[in-house]
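Remarks on the structure that follows.
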Protein chains: 2
Amino acid sequence: MTYEAVIIALADPTRRRIFESLRVKSKTVGELAEEQPVSRPAVSQHLKVLKNAELVRVEAKGNRRIYSMEKKGLESLRRYLDTFWSDALEAYGQEIFRRIENDEL
Amino acid sequence: MTYEAVIIALADPTRRRIFESLRVKSKTVGELAEEQPVSRPAVSQHLKVLKNAELVRVEAKGNRRIYSMEKKGLESLRRYLDTFWSDALEAYGQEIFRRIENDEL
DNA sequence: CAGCTTCGTAAGTCATAACTTACCGTAAGC
DNA sequence: GCTTACGGTAAGTTATGACTTACGAAGCTG
């Protein structure tokens with residue numbers, strides 16, 4: 001059920017901006033904080049959530065922490081979405097809907 | 001930017017349960033409320049959010065409103081996710097990451 | 001028409017999570 | 001070794017959003 005963590009992580013606009021910023025290139029916490037309209041500790045907290053959702057990974061480089069994009073979280077969310085395109089469920093749902101329309105239910 | 005509404009809509013567990021419940025068959029507000037551990041007005045409010053995200057559609061049937069699943073919202077979210085699998089961005093990001101690793105940046 | 005059902009909205013409460021400042025540990029530079 | 005830079009965590013505040021009850025509109029029922 002890790003896709004829940006991914007959805008929650010991406011639901012916050014600041015967190016989405018941080019995540020999408022890493023799409024271009026990997027950055028330190030300070031670099032990310034400069035781009036964002038919030039304080040550095042706030043960015044740290046957001047990165048914690050993103051890491052928990054496996055949307056970013058950290059690389060310690062001496063004094064700094066270099067954050068980069070991680071695809072694993074996105075993949076689990078995509079798998080969740082894909083389950084909604086099942087043909088069987090689709091057909092069943094449509095049939096029920098038709099019956100309701102026709103007052104057969 | 002409608003994918004934002006979709007992510008926000010799916011971020012709430014109650015809303016996710018309502019949405020997934022409609023996967024099986026279309027239902028009235030009352031039916032949905034019976035399944036959920038919250039009041040009927042709460043369900044109404046959640047349905048409003050889901051509708052705004054194009055995750056459900058309504059069908060007025062006399063006194064009742066029959067809610068059913070709508071794929072449009074899911075599709076826009078999927079398109080958003082797919083943009084992260086662009087090979088060009090991937091290659092660029094990896095190259096930058098390599099340079100940082102090697103202190104070339 | 002009177003009463004009952006269905007459901008949306010308004011208003012207010014409460015829990016949560018997004019923020020702030022303050023502080024601490026750790027690594028780097030002089 | 002002392003100072004400075006980087007970043008994580010704690011504690012407290014504030015904003016948001018998920019809930020509740022109360023109410024009203026619109027439609028079936030007898």
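Proteins come first, then strands; the chains are lettered A, B, ... in the order of their sequence lines, and each starts at number 1.
Residues satisfying the side chain to side chain donor-acceptor pair (under 3.5 Å) test with B/Arg79, not counting sequence neighbours, are none. In terms of the salt bridge (Lys or Arg N to Asp or Glu O under 4.0 Å) criterion, B/Arg65 has no residue partners (sequence neighbours excluded). Not a single salt bridge (Lys or Arg N to Asp or Glu O under 4.0 Å) links A/Lys51 to another residue, sequence neighbours left out. A/Ser39 meets the side-chain contact (heavy atoms from CB on, under 4.5 Å) test with A/Pro41, A/Ala42; sequence neighbours excluded. For A/Asp82, the side chain to side chain donor-acceptor pair (under 3.5 Å) test picks out B/Arg78, with sequence neighbours left out.
Note: CG (B/Asn52) to C1' (D/dG17) measures 15 Å, nearest angstrom. Atoms CD (B/Glu59) and P (C/dC7) sit 14 Å apart, rounded to a whole Å. What separates NZ of B/Lys51 from P of C/dC7 is a distance of 15 Å, to the nearest Å. With rounding to whole Å, B/Arg65 atom CZ is found 8 Å from C/dC7 atom P. In this structure, B/Leu50 places its CG atom 16 Å from C1' of C/dC7, rounding to the nearest Å. Counting to the nearest Å, the C1' atom of C/dG25 and the CZ atom of A/Arg64 are 18 Å from each other. Regarding A/Leu47, its CG atom lies at a distance of 11 Å from the P atom of D/dT9, rounded to whole Å. Per the geometry, NZ belonging to B/Lys27 stands 14 Å off P belonging to C/dC7, to the nearest Å.
Distances from the side chain of A/Val29 to the nucleotides D/dT9, D/dA22, D/dG7 place D/dG7 closest.
Contact annotation: B/Tyr67 side-chain N/O to C/dT6 OP1/OP2 distance is not under 4.0 Å. Of the side-chain N and O atoms in A/Ser44, none sit less than 4.0 angstrom from OP1 or OP2 of D/dG7. In terms of phosphate contacts, A/Ser39 brings a side-chain nitrogen or oxygen within less than 4.0 Å of OP1 or OP2 of C/dT20.
Between B/Arg64 and B/Thr28, the side chains place no donor N or O within less than 3.5 Å of an acceptor N or O (distance only, hydrogens not considered).
Between A/Pro41 and B/Arg17, it is A/Pro41 whose nearest contact on DNA chain D lies nearer the 5' terminus.
With A/Arg15 contributing its side chain and A/Ile8 its backbone, the two residues share a donor-acceptor pair below 3.5 Å.
For residues 32-48 of chain A, every residue pair satisfying the salt bridge (Lys or Arg N to Asp or Glu O under 4.0 Å) rule, not counting sequence neighbours, is listed here: A/Lys27-A/Glu35. Applying the ring-ring contact (aromatic ring centres under 6.0 Å, His included) test to pairs two or more places apart or on separate chains, those with a residue in residues 18-53 of chain A are A/Phe19-B/Phe84.
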Between the protein and nucleotides 15-18 of chain C, which nitrogen or oxygen pairs come in under 3.5 angstrom?
unit_1, atom_1, unit_2, atom_2, d
C/dA18, OP2, A/Arg15, NH1, 2.5
C/dA18, OP2, A/Arg15, NH2, 3.2

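Nucleotide C/dG3 is matched to nothing when pairs are restricted to Watson-Crick or G-U wobble geometry with both distances under 3.5 angstrom.
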Inset, instruction - At under 4.0 Å between heavy atoms, which parts of nucleotides 23-30 of chain D does protein reach? Answer with one letter per nucleotide, 5' to 3': B base, S sugar-phosphate only, - none. - result: ---BBS--
